[in-house]
Amino acid sequence: MNTILSYDVSDKQTEVKAALLKMGFKDVIEGNNRVTCWLPNTTLWIEYSLKSPKQAKDDLKIVCSSLKIELIRAIAVAFEEWAGVTGKPHTD
């Protein structure tokens with residue numbers, strides 16, 4: 001099982017994402033069929049054994065507070081199966 005985190009922030013999206021990536025979150029996921037899916041720009045995931053949905057949300061709140069920005073909305077959910085449109089690698 002894994003945890004997915006999706007959010008909107010008032011500013012400094014690049015810094016928020018960079019901080020979360022340093023905490024172990026990922027912006028790309030590989031399926032069982034070896035298909036790589038690049039997640040939307042403000043969506044990240046992490047192994048559930050590392051972070052529960054509550055822990056992921058709390059990490060996001062800490063990052064936003066440290067950057068002095070508003071966390072507009074967020075959701076963190078545990079997931080096992082997924083289907084997606086693969087997209088292209090992020091350029092930022």
Student: Do you know which two heavy atoms are closest between Trp38 and Gly87, and how far apart they sit?
Tutor: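 Nearest heavy atoms, Trp38 then Gly87: CE3-O, 3.6 Å.
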Student: Supply the atom-to-atom distance Met23 CE to Gln55 CD, rounded to the nearest 0.5 angstrom.
Tutor: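 Going from the CE atom of Met23 to the CD atom of Gln55 covers 10.5 Å.
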Student: Between CG of Leu44 and CD1 of Ile29, what distance do you get to the nearest 0.5 Å?
Tutor: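 Rounded to the nearest 0.5 Å, the CG-CD1 separation comes out at 11.0 Å.
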Student: Rounded to the nearest 0.5 Å, how far apart are OG of Ser52 and CG of Asp58?
Tutor: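 It comes to 7.5 Å.
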Student: Of the non-hydrogen atoms in Thr3 and Ala76, which two are nearest, and what is the gap between them?
Tutor: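 Minimum heavy-atom separation between Thr3 and Ala76: CG2-CB, 4.4 Å.
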Student: Would you mind reporting whether Val35 and Thr86 have side-chain heavy atoms less than 4.5 Å apart?
Tutor: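 Yes, close enough: below the 4.5 Å cut-off.
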Student: For Asp27, which residues count as a side-chain hydrogen bond (donor to acceptor under 3.5 Å, both in side chains) partner, sequence neighbours excluded?
Tutor: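 With sequence neighbours excluded, Asp27 shows a side-chain hydrogen bond (donor to acceptor under 3.5 Å, both in side chains) to Lys17, given in chain and number order.
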Student: Calculate, to the nearest 0.5 Å, the distance between atoms NZ and CG belonging to Lys51 and Leu60 respectively.
Tutor: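 So the gap between those two atoms works out to 11.5 Å.
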Student: Please check if Val28 and Phe25 belong to a single hydrophobic cluster, counting links between Ile, Leu, Val, Met, Phe, Trp and Tyr side chain heavy atoms closer than 4.5 Å.
Tutor: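 Different hydrophobic clusters.
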Student: In the single-linkage hydrophobic clustering (I, L, V, M, F, W, Y; side-chain heavy atoms under 4.5 Å), do Leu50 and Ile4 co-cluster?
Tutor: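 Unlinked, Leu50 and Ile4 end up in two clusters.
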Student: Considering only heavy atoms from C-beta outward, does the side chain of Trp45 approach that of Leu5 to under 4.5 Å?
Tutor: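 When only atoms from C-beta onward are counted, Leu5 and Trp45 do not touch, as no gap falls below 4.5 Å.
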Student: Answer with yes or no whether the hydrophobic clustering places Leu21 together with Leu39; edges join I, L, V, M, F, W, Y residues whose side-chain heavy atoms lie under 4.5 Å apart.
Tutor: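 No: no chain of side-chain contacts under 4.5 Å links Leu21 to Leu39.
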Student: Return the CG to CD1 distance between Leu71 and Ile62, rounded to the nearest 0.5 Å.
Tutor: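 So the CG of Leu71 and the CD1 of Ile62 are separated by 12.0 Å.
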Student: Of the options Ile69, Val63, Leu67, which is the one that meets Val9 in a side-chain contact (heavy atoms from CB on, under 4.5 Å)?
Tutor: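 Of the listed residues Ile69, Val63, Leu67, the side-chain contact (heavy atoms from CB on, under 4.5 Å) partner of Val9 is Ile69.
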Student: Cut-off 3.5 Å, side chains only: do Tyr7 and Gln13 have a donor facing an acceptor?
Tutor: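 Note: Tyr7 and Gln13 side chains meet the donor-acceptor criterion.
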Student: Once rounded to the nearest 0.5 Å, what's the spacing between atom CD1 of Ile75 and atom CG of Asp8?
Tutor: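 Those atoms lie 12.0 Å apart.
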Student: I'd like to check Asn2 versus Ile46 (side-chain heavy atoms, cut-off strictly below 4.5 Å). Are they in contact?
Tutor: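 No. Closest side-chain heavy atoms not under 4.5 Å.
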